Asker: 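Below you will find the structure I want to go over with you.
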Amino acid sequence: MIKYKMMKKIFSLQLMLAVVLSVSAQQHKTQVDFGYSFAEPYRLTICMPNSSNKTILESFSDHFMVRWTYLSCKDDKEPGVLIQHGLPWKVNFRAQVDTTYMKGRHWSRIDDWIPAFDYEWFTDNVSVKAKIVASDKGDVLIFTATNNDNAPHKINIDASVWNNVVNMKWLDRDYPYSVITPVATERGDRLVLLDPEPAKEMPNGLSHINIVFDLAPNASDSHMLVRPYNAFKVDLQQMFATDWKTEAEKGISTWKELIGKAPVLILPDAKINNAFKACLSDIFVMREEQGDGKMGGLDGTDLYRSSNSFEPNFQAMSLCRLGYYKEAKENIMFSLQFQDKDGDWNDPEQWTRLMWASSGYKSYYIKQYYLQTHDTTFLREQFPRMLASSRWSWKQRERTKRQNNPDTPEWGLMPRGMGDCGLKDGDDLIGVFYPHNFLHCMGLEVNAWAAKELGRNDVYKELYDNYKDLYDCINKSLKVGVIHEADGTEWIPGTPNKTSGSRWGVAEAVYPANIIDKNSPLAIGTMKRLQNDISEGGLPLNLGWMKGGLWVAIALDAMAYVDILQGNADQAASYLYAVINHGTPLYSWCEERLPEKGATVTSGDRQHAWTPICITRFVRDMLVMEDEDDNSLWLTRAVPRWWYSVGEKIGVKEMTTAFGKVSYNIERTKADKLRFSISLKDYDKTHPIKLQLRLPEKTKGGISTSAVKGAKVKVEKDCLTIVPKSDLITGTVNL
């Protein structure tokens, strides 16, 4: 009896402990709440995929604006050059019930991820919903007013064009339609904005179109406006005859079909899934035909609506890892063409001139594309450019050896160049910058790898020696150019021996450039320095141009990956939520900003490409990530720990990897058990799989497996190393 009571007491304590652990896990359940959004306006660009007709929506608490330009990258005669088209056209939309202007209650993407716009005005008893969808012919604006009151109400939606225009109905009272045309700022016959239905009332003024609803009690009604892309007065009858509702439906279905080609994610957090799809969509928003007829990626939707060798190549990496090989190749090929006759591959006539990382990124993404597609023809076709780039690089560094004393940190590095990203040599934007040398060296290593991969023994030693020379020069420079702290730690600055400028790119020395070992004191000290000043919202400060500011995307760039490599995946996972919560509910991010909630100070493009690229890439990699060191594949390597709570499921369907496609499902069925299944029908089974169990609590008695079929499994702490033996692997993990 005493033994029974003791066992019962022990069981009770164990149960209490399990409850405490469960509550503790739930307490760490991070949420997407956009709690650190910057100030209005919240921006969203809508268009058809890869379209040159882009429309920017800006939402405020009581109105929204529609903005655009009729220019596009197709008009740019110098591809790859930063050309700013501006947004000269603007329409302001407000809603009024009786005599009262309405407030905005909600604005989001349609379905919370499609690049299409939902906005809602409201009073106590009346609501007006605006839905704006891009189509092949124009933007379709659908307004639906609902009267939930027992009394009638009059709702007026006022569209005011802020430009030198006139409504044909205002000009000619007998004109049957409300059609806005330019007066002096464009072709006078261009159709700027129109109501496809006959006008019932006069507009409020010469530049206005008005929609008026006289709603009986508990009634609802809808009406549409259209912003044609490239239509003129001769097209009016065609505009009136078009079924715009069907056009809008086609626009939505086009996006669903395109993003439906991506691997399916099974996540405990629907908001993260929506963020992933929204960010993937925006990669297609930020692509369009360039002035030379080629398709290229963009760096932003307004200020940076141009292509260079940074963001578009980052886009290519995300696209490639998700199976969009054609689009990835297009992005890469556009940037590869910019090379001087002397071999300079750093965009000598384009946007990123003097940024030595440019050629490094080009070589790196050639390799990444090849690893995913195994397209040997593509690699062979690009190799002459890689060879010429390495030979040009050698000449530049021979010059810096002649110009500098061998004891100086600049000896043998790339010459003075443009840092960008806030990198400065004192107050000088031109200098010798470590991040650009790291990435340039990475490119030289890839060039040597390509020679070996292609069997080009005639030039392999030359290319390897070239890479090794810069590698050795960098490591020699770091011995005298790093910053030493009083506590004995040391860290890499942007410029040798100087703390001026930003900290952008110094983590690249560990990943992806592999210049210093991930566990070296310098790598550990550098990451400590990068992450010793964290904002209230959980992001590192001073990574870009703005002093005391946030370049939100960079937390999920190389930094998060170095955290993962150093065994600090918890930090990397925390950055995912922090980055999303520093965006807007439209899943859009400015380039840089101050760190406080509702920050009014921002810089760069207000819808910048880097953040959606990083989110797309990180979400994929935290679920499925290749390890080039041992040719293995990690599963759930950096997912948030609460995703492994009891009752949660994690999985992917048909995820493209360098080793073939993989699908898996993981379900935590009980506090002490989880089940997993892995499908490897199209996977090269010579590559082992590492399933990282990101449990929210420590196990009491360790981890073991049972009922495993289709593989051999080795358990090491919280990781299962799985050696596949068949197309389907199933098993149970005992916790």
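Predicted model only: the values in this text are computed from it and were never measured.
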Asker: Indicate yes or no: does Arg94 engage Asp62 in a salt bridge with an N to O separation below 4.0 Å.
Answerer: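 Salt bridge: yes.
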Asker: Is it the case that the side chains of Tyr229 and Asp136 hold a donor-acceptor pair, with the cut-off being a distance below 3.5 Å and no angle test?
Answerer: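 The criterion, which ignores hydrogens and geometry beyond distance, is not satisfied for Tyr229 and Asp136.
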Asker: Are any of the side-chain nitrogens in Asp302 or Arg43 under 4.0 Å away from the carboxylate oxygens of its partner?
Answerer: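 Yes, charged N to carboxylate O under 4.0 Å.
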Asker: Just by distance, no angles: are the side chains of Ser52 and Glu288 close enough, under 3.5 Å, to form a donor-acceptor pair?
Answerer: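 Ser52 vs Glu288: donor-acceptor pair found between side chains.
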Asker: Inspect the contact between Lys362 and Asp347 and indicate whether a charged nitrogen and a carboxylate oxygen are less than 4.0 angstrom apart.
Answerer: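 Yes, Asp347 and Lys362 are salt-bridged.
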Asker: Hey, is Arg606 close enough to Glu58 for a salt bridge, meaning N to O under 4.0 Å?
Answerer: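 Answer for the salt bridge query: no.
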Asker: Which of these passes ring pair (Phe, Tyr, Trp, His ring centres under 6.0 Å) with Trp551: Trp545, Trp589, Trp610?
Answerer: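 It is Trp610; the other options fail the test.
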Asker: Has the side chain of Lys169 got a donor or acceptor atom that lies under 3.5 Å from a matching backbone atom of Met202?
Answerer: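 The answer is no, because no donor-acceptor pair under 3.5 Å joins these two groups.
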Asker: Show, in sequence, the C-alpha distance, side-chain angles and deciding distance for Thr144 and Val128, and conclude whether the side-chain contact (heavy atoms from CB on, under 4.5 Å) test is met.
Answerer: CA-CA 6 Å; Thr144 302; Val128 177; over 6 Å; no
Asker: Below 4.0 angstrom, N of the basic side chain to O of the carboxylate: do Arg305 and Asp605 qualify?
Answerer: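 Salt bridge flag = no for Asp605 with Arg305.
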Asker: Using a strict 4.0 Å threshold on nitrogen-to-oxygen distance, state whether Asp235 and Lys137 make a salt bridge.
Answerer: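 Here Asp235 does not pair with Lys137 in a salt bridge, since their nearest N and O are not under 4.0 Å apart.
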Asker: Pick from Asp299, Asp420, Val81: which one makes a side chain to side chain contact (heavy atoms under 4.5 Å, CB included) with Trp351?
Answerer: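 Going through the options one by one, the only one that passes is Asp299.
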Asker: Answer yes when Glu349 and Arg353 have at least one side-chain N-carboxylate O distance shorter than 4.0 Å, and no when they do not.
Answerer: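 So Glu349 does not pair with Arg353 through a salt bridge.
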Asker: Do any N or O atoms from the side chain of Thr146 and from the backbone of Ser127 form a donor-acceptor pair under 3.5 angstrom?
Answerer: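 Between the backbone of Ser127 and the side chain of Thr146 there is no qualifying donor-acceptor contact (under 3.5 Å).
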Asker: Using side chain to side chain donor-acceptor pair (under 3.5 Å) as the criterion, list what pairs up with Ser178, not counting sequence neighbours.
Answerer: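 Listed in chain order: Asn167.
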Asker: Are the charged groups of Lys256 and Asp111 less than 4.0 angstrom apart, N to O?
Answerer: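 The answer is yes: the pair qualifies as a salt bridge.
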Asker: We want to know whether His106 and Asp118 form a side-chain donor-acceptor pair, criterion being a heavy-atom distance below 3.5 angstrom.
Answerer: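 Judged by distance alone, the side chains do not pair up.
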Asker: Under the criterion ring-ring contact (aromatic ring centres under 6.0 Å, His included), I'd like the reasoning laid out for Phe284 against Tyr324: C-alpha separation, chi angles, the key distance, then a yes or no.
Answerer: CA-CA 11 Å; Phe284 288 97; Tyr324 295 94; 5.2 Å; yes
Asker: Quickly, which of Phe64, Tyr587, Trp107 forms a ring pair (Phe, Tyr, Trp, His ring centres under 6.0 Å) with Phe117? Name it, please.
Answerer: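 Testing Phe117 for a ring pair (Phe, Tyr, Trp, His ring centres under 6.0 Å) against Phe64, Tyr587, Trp107 leaves exactly one candidate, Phe64.
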Asker: Any salt bridge between Arg617 and Asp557, counting N to O under 4.0 Å?
Answerer: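 Between Asp557 and Arg617 there is a salt bridge, with a charged N closer than 4.0 Å to a carboxylate O.
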Asker: Do the charged groups of Asp139 and Arg227 touch, with an N to O distance under 4.0 Å?
Answerer: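 The answer is yes: the pair qualifies as a salt bridge.
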Asker: Answer yes if the side chains of Glu327 and Asn50 hold a donor-acceptor pair under 3.5 Å, and no otherwise.
Answerer: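 There is no such pair between these side chains.
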Asker: Would you mind listing every salt bridge (charged side-chain N to carboxylate O under 4.0 Å, His left out) that reaches into residues 197-212, with sequence neighbours excluded?
Answerer: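 Residue pairs with at least one partner in residues 197-212: there are none.
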